[in-house]
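Before any comments, here is the structure.
Residues: numbered from 1 along the sequence shown.
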Amino acid sequence: MQKTILVTGANGQLGRAVKKAYAGQDVTLIETEAPAVAGKTGHRALDITDAGQVAAAVADAKADVIINCAAYTAVDKQEEDSDLSYLINAIGPRNLAMAAERHGAQLIHVSTDYVFDGRASRPYTEWDPTSPQSVYGRSKLAGEQMVQMFCGRFAILRTAWLYGDGNNFARTMLRLSGTHDTVSVVDDQTGTPTSADALSLAVRALAFTDNYGIFHATCEGSCSWADFAEEVFRLAGKDTRVERVSTAEYTKKNPQSAPRPMYSILDNMMLRLTGACTFPDWHEALEDYMRQMI
C-alpha cells in the first residue's frame with residue numbers, strides 16, 4: 001500500500017524542496033498551508049494552531065509521516081508578539097505531535113540554531129545545553145519540547161541559515177547588487193549556509209525509519225555572512241563589493257529587536273553516528289543553487 005506524507009508549510013522554502021525531493025517517489029504527498037496562504041497556492045488549508053483541525057486532517061489523510069515545515073520566522077516581530085510566536089512555534093507542533101501519536105504517524109519537525117546562546121567556541125552537538133536568547137529561539141525550543149512530550153516517533157531537525165526557493169539572504173544580496181556598488185554585511189557572526197534541497201534529502205532519509213531523536217542538519221563548513229555574500233556575488237559574476245562590518249555597526253544603522261547568535265555552527269553528529277545521511281559542503285550546495293537560479 002502506498003504511504004502518505006502530510007506536509008505543513010508546503011509553500012515555504014523547505015516545503016517546496018520536500019516536494020521536489022519526493023518527485024517520482026512512490027508516496028502520496030498531501031501539501032497543506034495556513035488558510036491565508038492556501039487559497040493562493042492551491043494547497044489544502046490547515047491551521048496547525050487549531051488542534052481540532054490538525055486531528056481531523058491527520059485522520060482524513062491517514063498519514064504515515066507528518067513533515068512540519070510551518071513556522072513563524074519573523075525574528076524581530078516576535079519580540080513584540082510572543083503570544084503569536086508560541087502559538088505557531090510551540091502549540092502548533094504540540095497539536096501535530098498529539099495527532100501523530102493518536103494515529104501512529106511519525107513526526108518530522110524542523111527547528112533552529114536559535115535554541116542555543118550563540119556563544120560557543122566549537123560546533124554545537126545535539127547533547128549541548130540549550131539557552132535561547134530571543135522569543136523566536138525560546139518558542140522554537142518550546143516546540144521541540146512539545147514534540148518530545150506528546151509524540152513517541154519523532155525526528156527533530158535543527159538547521160541554520162536556510163536558503164531555497166523563496167525569500168532568503170542569497171536572493172536579497174542579488175537584488176541589492178542590482179542597485180548598489182557596495183553592500184555592508186556583518187562579518188562577526190559565524191554559521192553554515194544550508195540549502196533547502198540538501199535539508200529535504202535529510203528529511204527523506206529519516207522518513208519511514210525508526211531513527212528517532214534530535215538531529216543537527218546543516219551543510220558542512222562555516223563562514224560569516226560577509227563571506228556568504230561574497231560567494232553569492234562571485235558565483236553570479238557580480239562586481240558588487242562587500243563592506244565587512246561588525247554586528248554593533250550594522251545594528252546602529254539597522255536596529256534589530258532580537259539578538260542574533262554570534263556563533264551558529266552545528267555538528268551533524270547524530271546523522272553521522274547513525275549513518276542516516278551526509279550533507280555537502282556549503283560552497284558546493286550554494287554553487288548548485290546558484291546554477292539553478294541564474
Side-chain angles (χ1 to χ4, degrees), residues 9 12-14 68-94 109-149 156-163 167-169 172 184-194 199 213-219 221-229 244-270 282:
Q13 294 185 105
L14 181 56
N68 182 30
C69 303
Y72 183 22
T73 59
V75 176
D76 290 318
K77 289 182 179 179
Q78 293 177 58
E79 294 296 312
E80 283 77 48
D81 193 354
S82 61
D83 277 10
L84 182 60
S85 179
Y86 276 85
L87 184 63
I88 297 172
N89 293 337
I91 300 302
R94 181 205 68 161
H109 173 67
V110 181
S111 191
T112 175
D113 58 301
Y114 274 69
V115 300
F116 295 109
D117 61 15
R119 297 170 185 156
S121 56
R122 58 158 180 78
Y124 288 102
T125 74
E126 293 84 349
W127 288 276
D128 282 322
T130 54
S131 181
Q133 302 297 299
S134 63
V135 171
Y136 171 63
R138 289 191 288 273
S139 70
K140 290 296 287 183
L141 179 60
E144 290 187 10
Q145 293 165 340
M146 290 291 192
V147 168
Q148 295 175 77
M149 190 181 304
I156 295 169
L157 278 71
R158 292 174 180 153
T159 195
W161 293 26
L162 192 68
Y163 63 88
N167 294 324
N168 59 65
F169 179 81
T172 297
S184 298
V185 186
V186 169
D187 191 40
D188 57 357
Q189 294 176 26
T190 307
T192 306
T194 299
L199 180 58
I214 296 175
F215 301 84
H216 288 175
T218 64
C219 285
S222 63
C223 65
S224 70
W225 287 109
D227 295 329
F228 188 6
R244 294 170 178 263
V245 298
S246 68
T247 298
E249 290 171 318
Y250 182 83
T251 54
K252 189 177 294 185
K253 296 180 180 178
N254 306 275
Q256 296 174 325
S257 302
R260 269 57 171 177
M262 301 301 288
Y263 186 94
S264 287
I265 305 175
L266 304 181
D267 181 354
N268 299 346
M269 193 172 186
M270 271 285 287
W282 75 268

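A side chain to side chain donor-acceptor pair (under 3.5 Å) with Ser264 is found for exactly one of Asp113, Thr192, Thr112, namely Asp113. Here the options are Thr218, Leu266, Asp267, the test is side chain to side chain contact (heavy atoms under 4.5 Å, CB included), and the partner is Pro123; only Asp267 passes.
Counting only N and O atoms by type, the side chains of Gln133 and Arg260 include no donor and acceptor under 3.5 Å apart. A donor-acceptor contact closer than 3.5 angstrom is absent between the side chains of Tyr86 and Asp81. In summary, the side chains of Ser85 and Gln78 do present a donor paired with an acceptor at a separation below 3.5 Å, with no hydrogens or angles considered. Using modelled atom types, one finds a donor on one side chain and an acceptor on the other under 3.5 Å when comparing Ser111 with Glu144. Between Ser246 and Asp188, the side chains place no donor N or O within less than 3.5 Å of an acceptor N or O (distance only, hydrogens not considered).
Although no hydrogens or angles enter the test, the distance criterion places a donor-acceptor pair under 3.5 Å between the side chain of Thr159 and the main chain of Ala217.
In this structure the side chain of Asp117 never reaches within 4.5 angstrom of the side chain of Tyr263, judged on heavy atoms. Considering only heavy atoms from C-beta on, Val110 stays 4.5 Å or farther from Asn68 through its side chain. Within the 4.5 Å cutoff, no side-chain heavy atoms of Thr194 are placed close to those of Trp282. The shortest side-chain heavy-atom distance between Ser82 and Ser139 does not fall under the 4.5 Å cut-off. Taking the side chain as every heavy atom from C-beta outward, Trp127 and Met270 approach each other to under 4.5 Å. Contact annotation: the side chain of Gln145 never approaches that of Thr130 to less than 4.5 Å [non-hydrogen atoms, C-beta and beyond]. With a 4.5 Å cut-off on side-chain heavy atoms, Asp187 and Val245 do not count as touching. Taking 4.5 Å as the limit, some side-chain heavy atom of Gln256 sits within range of a side-chain heavy atom of Tyr250.
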Between Leu162 and Asn168, is the side chain to side chain contact (heavy atoms under 4.5 Å, CB included) condition met? List the steps.
CA-CA 8 Å; Leu162 192 68; Asn168 59 65; over 6 Å; no
Kindly indicate, with the supporting measurements, whether the criterion side chain to side chain contact (heavy atoms under 4.5 Å, CB included) is fulfilled by His109 and Lys140.
CA-CA 10 Å; His109 173 67; Lys140 290 296 287 183; 4.3 Å; yes
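Scanning all heavy atoms of the two residues, the minimum distance from Met146 to Ile91 falls at CE-CD1, 4.4 Å. The shortest heavy-atom contact between Gly118 and Pro261 is CA-CB, 3.9 Å. Taking all atoms of both residues into account, the shortest heavy-atom contact from Glu80 to Asp76 is OE1-O, 3.1 Å. Nearest heavy atoms, Cys219 versus Pro193: CB-O, 3.4 Å. Contact between Val75 and Tyr136 at its shortest, heavy atoms only, is CG2-CD2, 3.9 Å. When all heavy atoms are compared, the tightest approach of Ser134 to Tyr114 is OG-CD2, 3.7 Å.
Taken from OH in Tyr124 to CZ in Arg119, the straight-line distance is 8.5 Å, to the nearest 0.5 Å. Note that CG of Asn268 and OG1 of Thr125 are 11.0 Å apart. Values are rounded to the nearest 0.5 Å. The distance from atom CG of Leu199 to atom CG of Leu14, rounded to the nearest 0.5 Å, is 5.0 Å.
Using a cut-off of 4.0 Å between Lys/Arg side-chain N and Asp/Glu carboxylate O, Asp227 and Arg244 are scored as salt-bridged. The pair Arg158-Glu126 does not meet the salt-bridge criterion, since no charged nitrogen lies less than 4.0 angstrom from a carboxylate oxygen.
Between Trp161 and Trp225, the ring-plane angle classifies as parallel under the 30° and 60° cut-offs.
Between Phe169 and Tyr163, the ring centre distance reaches or exceeds 6.0 Å.
Environment of CG in Asn167: sparse, with no more than 12 heavy atoms of neighbouring residues, nucleotides or ligands closer than 6.0 Å.
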